[in-house]
Amino acid sequence: MSDKALTTRAADFSAWYNELVLRAELADYSPVRGCMVIRPNGYGIWERMQRALDDMFKATGHRNAYFPLFIPESFLHKEAEHVEGFAPEAAVVTHGGGKKLEEPLVVRPTSETIIYSMFAKWVQSYRDLPILMNQWANVVRWEMRTRLFLRTLEFLWQEGHTAHATHDEAEAEARQMLGVYRTFMEEWMAMPVVTGLKTPAEKFAGALRTYSCEAMMQDNKALQAGTSHNLGQNFAKAFDLKFQSESGSIEYAWNTSWGVSTRMIGGLVMTHGDDTGLRIPPRLAPIEVVIVPIWKSDEERSRLLEAAQRLKADLTGWGGRGEDRIRVHVDAREGIKPGAKYYEWELQGIPLRIELGPRDLANQACMTARRDTRVKAVLPMEGIAPAVAELLHTIQRDMLHAARERREANSVREAISYDRFRELIEGEGAFVYAGWNGDPAVEAKVKEETKATIRCIPEPEFRTPDGPARCLVTGEPAQHQVVWARAY
RNA sequence: CGGGGCGUAGCUUAGCCCGGUAGAGCGCCUGCUUCGGGAGCAGGAGGUCGGAGGUUCAAAUCCUCUCGCCCCGACCA
């Protein structure tokens, strides 16, 4: 029986994560090192993420397109910082059709180069701007060490790419999309994030500025869950992306790019998972409610299955959420006892379970069990649909609150010594809000000594109001308040 | 790529030191009884012991090489 339980988070967080991902059938290892198969349970979550984000992108004026997987190798070399960042992890195709290629092709690690080279063809006038585009795609980065969802050789993501006439417009776009990510992560994933600016050492290769969403996992390490870049004119200059302005001058365009990936599924697991398994916030759950009918005799079996289907129809037919119908599954499998089904659905993280047995039928009620709190409660059949919808809404809200409380409980906002900092980082881990003198050498030294990095210079609302005025390491006056943590 | 660990049935593994017919638990299939928190009994299927080579009368076991996975480091938008 003990082999049915997951390794606990406390015993071995890393083993817990791997077991959960495999056993909840989110993903599996592929025959190729470092690659993964995303199974229906995992892909279903990704589809929910895609739909929500895609709607948000459309609402902010973006349109989808698709650019090719293969990029001429020379393109990567046109932006100096970019090639330095990506060349080491590029997969390169040298042969095709049985012949050696004239020019090797890089499998895209990201698409700035190919996209801005195309934008250059399409833009002549300021009237052609802005271009607001997005693509859903796979990318390949030849990583040394891989983890399911968190770092694999190939992963799925979206990458938004825009071109603007002015710096300020591009800056506003980059910040707007950071806000979209934040909204998505909080309101859909129930995963609170700290948003802010990356330091030069941590920014995207080729960007002017990088903003990120940083989430805290249950081992108190940070996960960079999304990034948004103001690329300045770096790529426009490299790919000759120019336009004639209103006043007649020729100018380079200003670009942004922004992306989130299937890595967020890893973030979801490490934010909400518990020792029983996954917990999916209702808005992201492909199945929000699973109905488990309970019967003894054949006669009861047909009555209960029928009642379960009727309950499902009541729930899915309810229009109180508009087009967003309650997503319900009836577990009608035979030969498996109800208890076994409970464990299985809990492992998979279905937000709400409804148990329906002969006693409930007699009472015109059913038993609900929340996955997040594991609290059970009887609900009358009368008005069941709005009550279930309300419960799902509550679960969604409570999961965000719980995650936020956990994050703040493991954040350090008071002034501490560097020795204490090391003790914390090397011990239980934390987000440490501290002063920084702005010197990259200090950042490098801390990384070297503790493996902690500056996750971001947080936006004002995340900062400690009367934050430390002095640098954590040198004691000099601080240039910025920053968040230190170890990261994935 | 460096250090460590591990590859035996779908999963978890025993056997390996000390060579001699490959075992168990879970899962799976069939039947009966069960069914409100991981069911019981009976019967059954399933293995080129990661791969290649070597030593030997005989290799899961000893030797060499190789591939993969996990952990720690280095690296990492």
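In this text, all values refer to a predicted model and were calculated from it rather than measured experimentally. A note on names: the letters A, B, ... follow the listed sequences, proteins ahead of strands, and every chain is numbered from 1.
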Taking pairing as Watson-Crick or G-U wobble with both contacts under 3.5 Å, can you name the mate of [N], or confirm there isn't one?
N     : result
B:U21 : none
B:G7  : B:C67
B:G43 : B:C29

Over all strands shown, is [X] touching base, sugar-phosphate only, or nothing at heavy-atom distances under 4.0 angstrom?
X        : answer
A:Glu202 : sugar-phosphate
A:Gly357 : base
A:Gly226 : nothing
A:Arg374 : base
A:Asn18  : sugar-phosphate
A:Lys341 : nothing
A:Thr210 : nothing
A:Pro358 : base
A:Arg301 : nothing
A:Arg263 : nothing
A:Phe155 : base
A:Lys198 : nothing
A:Phe204 : sugar-phosphate

Candidate nucleotides [options], ranked by approach to the side chain of [X] - the nearest:
X        : options             : result
A:Met144 : B:C69, B:A74, B:G36 : B:A74
A:Lys451 : B:G36, B:C70, B:G73 : B:G73
A:Glu89  : B:C71, B:C76, B:G36 : B:C76
A:Trp295 : B:C35, B:G37, B:C71 : B:C35
A:Glu143 : B:G36, B:C76, B:G73 : B:C76
A:Glu355 : B:G36, B:C69, B:C71 : B:G36
A:Tyr343 : B:G36, B:G38, B:C70 : B:G38
A:Lys337 : B:G36, B:G38, B:C71 : B:G36

Requested in this report: In plain terms, say whether A:Lys203 and A:Glu81 are close enough for a salt bridge, that is, a side-chain N and a carboxylate O under 4.0 Å apart.
Outcome: yes
Query - Test: A:Arg209 and A:Glu171 ion pair at under 4.0 Å - result: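 A salt bridge links A:Arg209 with A:Glu171.
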When you compare [N] with [M], how far apart are their [atom1] atoms, in angstrom units rounded to a whole number?
N     : M     : atom1 : answer
B:C29 : B:C71 : C1'   : 38 Å
B:G37 : B:G44 : P     : 33 Å
B:A52 : B:A39 : P     : 41 Å
B:A24 : B:G47 : C1'   : 14 Å
B:G54 : B:A60 : P     : 15 Å
B:U13 : B:A9  : P     : 11 Å
B:C1  : B:U8  : P     : 24 Å
B:G31 : B:G7  : C1'   : 37 Å

Distance test, side-chain N/O of [X] to OP1/OP2 of [N], below 4.0 Å:
X        : N     : value
A:Ser14  : B:C70 : no
A:Arg145 : B:C72 : yes
A:Tyr29  : B:C70 : yes

Requested in this report: Kindly assign one of parallel, tilted or perpendicular to the pair A:Phe119 and A:Phe67, based on the angle between their ring planes and the thresholds 30° and 60°.
Outcome: perpendicular
Report task. Report the relative orientation of the aromatic rings in A:Trp188 and A:Phe184; use parallel for angles under 30°, tilted for 30 to 60°, perpendicular for over 60°. Result ->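 It falls in the parallel class, under 30°.
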Give the rounded distance in Å between these two atoms: [atom1] of [X] and [atom2] of [N].
X        : N     : atom1 : atom2 : result
A:Glu426 : B:C72 : CD    : C1'   : 15 Å
A:Leu148 : B:C69 : CG    : P     : 11 Å
A:Arg147 : B:C72 : CZ    : C1'   : 13 Å
A:Arg333 : B:A39 : CZ    : P     : 12 Å
A:Phe13  : B:C72 : CZ    : P     : 13 Å
A:Glu334 : B:G31 : CD    : C1'   : 15 Å
A:Glu19  : B:C26 : CD    : P     : 19 Å
A:Asp331 : B:C35 : CG    : C1'   : 13 Å

Query raised in the report: Do A:Thr210 and A:Glu202 have side-chain N/O donor and acceptor atoms under 3.5 Å apart?
Result: no
Requested in this report: Report the C-alpha distance between A:Trp46 and A:Phe149 in whole Å, list the side-chain angles of each, state the deciding distance to 0.1 Å, and finish with yes or no for ring pair (Phe, Tyr, Trp, His ring centres under 6.0 Å).
Outcome: CA-CA 11 Å; A:Trp46 179 237; A:Phe149 287 114; 9.3 Å; no
Query raised in the report: So among A:Thr256, A:Asn255, A:Asn134, which one has a side-chain hydrogen bond (donor to acceptor under 3.5 Å, both in side chains) with A:Thr162?
Result: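 Among A:Thr256, A:Asn255, A:Asn134, the one meeting side-chain hydrogen bond (donor to acceptor under 3.5 Å, both in side chains) with A:Thr162 is A:Thr256.
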Query - Derivation of the ring pair (Phe, Tyr, Trp, His ring centres under 6.0 Å) call for A:Trp254 and A:His167 - result: CA-CA 6 Å; A:Trp254 299 80; A:His167 166 273; 5.3 Å; yes
Query raised in the report: Ring of A:Tyr342 versus six-membered ring of B:G37: centres under 5.5 Å and planes under 30°?
Result: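 Stacking between A:Tyr342 and B:G37: absent.
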Requested in this report: Just do the ring pair (Phe, Tyr, Trp, His ring centres under 6.0 Å) check on A:Trp258 and A:His161 with the steps written out, would you?
Outcome: CA-CA 7 Å; A:Trp258 26 276; A:His161 292 274; 7.9 Å; no
Any N or O donor-acceptor pair under 3.5 Å from the base of [N] to the side chain of [X]?
X        : N     : value
A:Arg151 : B:C76 : yes
A:Lys376 : B:G37 : yes
A:Glu346 : B:G38 : no

Query raised in the report: Relative to the 5' end of RNA chain B, which residue comes earlier, A:Lys203 or A:Ile336, by the nucleotide with the nearest heavy atom?
Result: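 Its nearest nucleotide being more 5', the pick is A:Ile336.
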Query raised in the report: Only one of A:Glu299, A:Glu300, A:Glu306 forms a salt bridge (charged side-chain N to carboxylate O under 4.0 Å, His left out) with A:Arg303, so which one is it?
Result: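 Per the salt bridge (charged side-chain N to carboxylate O under 4.0 Å, His left out) rule, the option paired with A:Arg303 is A:Glu299, out of A:Glu299, A:Glu300, A:Glu306.
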